[in-house]
There are 2 protein chains.
Amino acid sequence: MELRVVQGRRPVPNTVWPFDSVLDRNCRRQLESLVSVVDLAPGDVVAREGEVNGDFLLVSSGLLKLAKRLPDGRQQIVAFRSVGDILTLHRRDTPWPVTAQSVRASKLCRIEWEGLRRMADANPEIDRALLDLAADEITGLQERMVTLGRKSTEEKVASFLLEFCQPLAVQSNICREFALPMRRPEIADYLGLTTESVCRELSRLKREKIVAMPRPSRVVVLNRPALEALAHGETNRATYSSGSGMQARRERERARVGPR
Amino acid sequence: MELRVVQGRRPVPNTVWPFDSVLDRNCRRQLESLVSVVDLAPGDVVAREGEVNGDFLLVSSGLLKLAKRLPDGRQQIVAFRSVGDILTLHRRDTPWPVTAQSVRASKLCRIEWEGLRRMADANPEIDRALLDLAADEITGLQERMVTLGRKSTEEKVASFLLEFCQPLAVQSNICREFALPMRRPEIADYLGLTTESVCRELSRLKREKIVAMPRPSRVVVLNRPALEALAHGETNRATYSSGSGMQARRERERARVGPR
DNA sequence: CGGTATATTGACTTGCCTCAACACGGGTGG
DNA sequence: CCACCCGTGTTGAGGCAAGTCAATATACCG
């Protein structure tokens with residue numbers, strides 16, 4: 001219940017900083033001296049939607065979720081964050097747009113914005129790196145909008161599995177088996193579905209031998225091409241044949257203004 | 001059908017640049033010398049999802065939409081862009097994540113990334129301004145995710161009306177009446193709905209005297225509080241009374257890690 | 001003043017949600 | 001080592017919001 005803030009001396013974990021590639025050894029040292037480490041237990045809230053808090057936070061281990069709530073309790077999980085991810089980017093003088101909550105035991109690195117700002121003024125690469133991170137974030141969110149707005153339950157779940165298949169794939173490059181670090185309700189809130197719909201869809205994927213799940217939190221991808229076809233909305237569901245259903249509206253499109 | 005690229009000399013429109021506040025007169029001049037103007041007719045495509053094109057584009061008039069498509073033609077409109085907006089931010093070496101298409105006659109300002117990069121190296125305020133813009137973009141997209149993932153049709157439409165009520169409100173500060181610059185199918189693709197659902201909801205809002213629409217593209221807000229209540233999901237629909245329906249799942253939440 | 005594009009409405013269908021029962025698993029104490 | 005319990009996940013039955021298909025009305029434009 002109380003807050004466990006560990007002032008960071010050396011134990012700054014050997015996290016992969018997003019700046020690692022652009023900063024020299026000296027700057028890294030300097031940066032690390034500004035860092036304090038925060039320990040989080042599952043369920044801990046780091047920052048709440050609407051509150052103003054000008055720190056820069058980086059995930060060093062564990063898993064966090066960023067969520068927005070409606071007054072009646074419905075929630076949308078905007079993103080999950082794990083090792084090496086920046087918690088959020090928003091204007092410093094502006095309230096947090098989302099609530100950040102720890103899904104399981106996690107560690108954060110915290111830097112006061114002032115300190116980071118001072119360093120960035122001396123090392124313009126930092127701002128450039130941040131800009132690239134922001135760009136990636138935007139691209140990712142745009143991708144997710146298609147999922148939320150236009151995909152069916154099965155397409156959403158397939159997309160989800162593929163999304164969380166990748167990161168852990170780094171170890172075994174074929175990546176057939178991996179762990180889901182979150183529970184069913186969180187998957188549902190991430191995809192704009194209910195827990196039950198997620199379950200049903202997972203069961204169907206099992207039944208159709210596209211994945212196997214030796215236990216609820218463990219996924220084995222058996223037929224990746226099929227999963228990808230589903231995720232990208234390739235309408236292979238034999239349900240509707242050609243022109244009807246989920247209309248493939250084709251628009252007149254006038255010209256293409258070439259590059260240059 | 002052919003592309004109309006007007007090499008910009010002086011006629012660079014007196015657009016409000018996002019950098020206006022941070023650059024001195026001299027730098028502005030320099031920036032403007034790098035700009036060329038692109039004219040767009042309704043339906044023109046500026047850049048297509050997946051294609052690589054390293055220019056920096058700024059809307060100087062008109063209205064554009066940024067959309068992503070699924071292979072069967074379903075599309076999600078990720079954002080609309082109008083005067084003063086940057087078209088998109090994404091890593092320069094990376095393919096466009098969305099297709100940008102002109103909704104009606106528009107003008108763009110184009111700067112080659114190389115030129116902008118060079119200027120930004122000399123004027124770090126530029127990168128900082130871009131970072132702020134990116135942050136705003138992220139915050140906006142997060143807000144839209146709630147709309148797409150967790151709101152009902154009526155809540156989506158109400159949110160939409162309020163969103164497009166603001167920008168044009170600058171003129172009359174009470175902003176009761178405004179024009180919708182896009183058509184029904186575009187509203188639908190923006191909200192993850194069908195044209196028909198959008199229509200039906202607008203009709204309902206008219207019937208309940210929350211808005212009036214003297215003609216399809218013109219909206220008069222009659223009861224703003226009611227519209228806001230709907231938009232923010234205040235569940236005033238007398239449909240379900242207390243605990244049931246669209247469950248207000250309440251989670252145990254452990255601690256709040258304070259600022260500092 | 002027609003004629004076409006767009007918007008609206010209606011009747012019907014369906015995908016996803018709701019409510020509720022049931023299964024599983026892993027920790028605990030008898 | 002087994003019986004019980006509680007949290008989580010899964011499955012089933014039924015309802016409703018939003019989608020589909022199709023007809024009609026309205027706006028826009030020459």
Side-chain angles (χ1 to χ4, degrees), chain A residues 42-43 72-74 103-104 148-157 180-189 191-207 211 213-219 233 235 237 239-249 251-252, chain B residues 42-43 72-74 103-104 147-157 179-189 191-207 211 213-219 230 233 235 237-249 251-252:
Chain A
D72 66 353
R74 282 174 281 171
V103 172
R104 53 181 196 192
L148 288 178
R150 286 304 186 200
K151 289 189 185 170
S152 66
T153 302
E154 77 176 343
E155 290 162 343
K156 286 178 177 180
V157 172
L180 290 180
M182 69 296 282
R183 298 158 196 277
R184 297 294 183 269
E186 285 151 346
I187 300 177
D189 284 336
L191 295 174
L193 297 172
T194 56
T195 311
E196 295 93 326
S197 290
V198 172
C199 269
R200 270 186 256 276
E201 192 51 42
L202 288 174
S203 299
R204 173 142 52 136
L205 292 175
K206 275 189 284 187
R207 213 176 311 127
V211 303
M213 302 189 65
R215 103 190 70 129
S217 66
R218 190 139 279 274
V219 180
T235 320
R237 296 254 87 204
T239 322
Y240 32 90
S241 43
S242 59
S244 69
M246 216 23 111
Q247 77 284 50
R249 209 179 311 124
E251 256 172 278
R252 59 222 133 313
Chain B
D72 66 353
R74 281 175 281 171
V103 171
R104 54 181 195 189
T147 304
L148 287 178
R150 284 304 184 200
K151 289 189 186 171
S152 66
T153 301
E154 77 174 343
E155 292 162 344
K156 286 179 178 181
V157 172
L180 290 181
M182 69 297 281
R183 306 171 182 210
R184 298 293 184 270
E186 284 152 346
I187 300 176
D189 284 337
L191 295 173
L193 298 172
T194 57
T195 312
E196 294 93 326
S197 290
V198 172
C199 270
R200 270 186 256 275
E201 193 50 42
L202 288 174
S203 299
R204 172 143 53 140
L205 293 175
K206 276 188 284 187
R207 212 177 312 126
V211 301
M213 302 189 66
R215 105 190 68 130
S217 66
R218 189 140 279 272
V219 180
L230 284 181
T235 321
R237 295 255 87 204
T239 322
Y240 33 91
S241 44
S242 61
S244 70
M246 213 26 107
Q247 77 283 51
R249 210 180 307 122
E251 255 171 280
R252 60 223 132 311

d(NZ, B:K206; C1', D:dA25) in whole Å = 12 Å
query = Should B:R74 and A:E155 count as an ion pair when the cut-off is N to O under 4.0 Å?
reply = yes
Nearest heavy atoms of A:T194 and A:A188, plus distance in Å = C-CB, 3.5 Å
inquiry  = OP1 or OP2 of D:dT11 versus the side-chain N and O atoms of A:R200: is any pair under 4.0 Å?
reply    = no
inquiry  = Using modelled atom types and a 3.5 Å cut-off, is there a donor and acceptor pairing between side-chain atoms of A:S203 and backbone atoms of A:C199?
reply    = yes
query = Toward the 5' end of DNA chain C, which comes first, A:V198 or A:P216, by nearest nucleotide?
reply = A:V198
ask   = For the helix from C:dC1-D:dG30 to C:dG30-D:dC1, how many degrees between its two end axes (five pairs per end), to the nearest 10°?
value = 30°
note = Here the distance between atom P of C:dC17 and atom CD of A:E154, to the nearest Å, is 14 Å
request  = Provide, to the nearest angstrom, the distance between the CZ atom belonging to A:R204 and the P atom belonging to D:dT10.
outcome  = 15 Å
query = Per the atom types in the model, does the base of D:dC21 pair as donor or acceptor with the side chain of B:E196 at under 3.5 Å?
reply = yes
note = In this structure, CG of A:L202 is separated from CE of A:M213 (nearest 0.5 Å) by 5.0 Å
ask   = Closer than 4.0 Å, any side-chain N/O of B:R183 to the OP1 or OP2 of C:dT6?
value = yes
inquiry  = Check this one for me: any side-chain N or O of A:S197 less than 4.0 Å away from OP1 or OP2 of C:dC17?
reply    = yes
task = Ignoring backbone atoms, establish whether A:T153 has a side-chain N or O less than 4.0 Å from OP1 or OP2 of C:dC16.
result = yes
B:M213 CE to C:dT6 C1', straight-line distance once rounded to whole Å = 13 Å
remark   = To the nearest angstrom, the CG-C1' distance between B:D189 and C:dT6 comes to 15 Å
Presence of B:T194 side-chain N/O under 4.0 Å of D:dA18 phosphate oxygens OP1/OP2 = no
query = Would a distance-only check, ignoring hydrogens and angles, find a side-chain to backbone donor-acceptor pair under 3.5 Å from A:K151 to A:K156?
reply = no
task = Could you check how far CD of B:E201 sits from C1' of C:dG10, rounded to whole Å?
result = 17 Å
inquiry  = Please report the distance, rounded to the nearest Å, between CZ in B:R215 and P in D:dC29.
reply    = 10 Å
ask   = Taking 4.0 angstrom as the limit, do B:R183 and B:E186 come out as a salt bridge?
value = no
note = Distance col, row A:R184:CZ vs A:S217:OG, nearest 0.5 angstrom, shows 8.0 Å
request  = Give the rounded distance in Å between these two atoms: CD of A:E186 and C1' of D:dG7.
outcome  = 14 Å
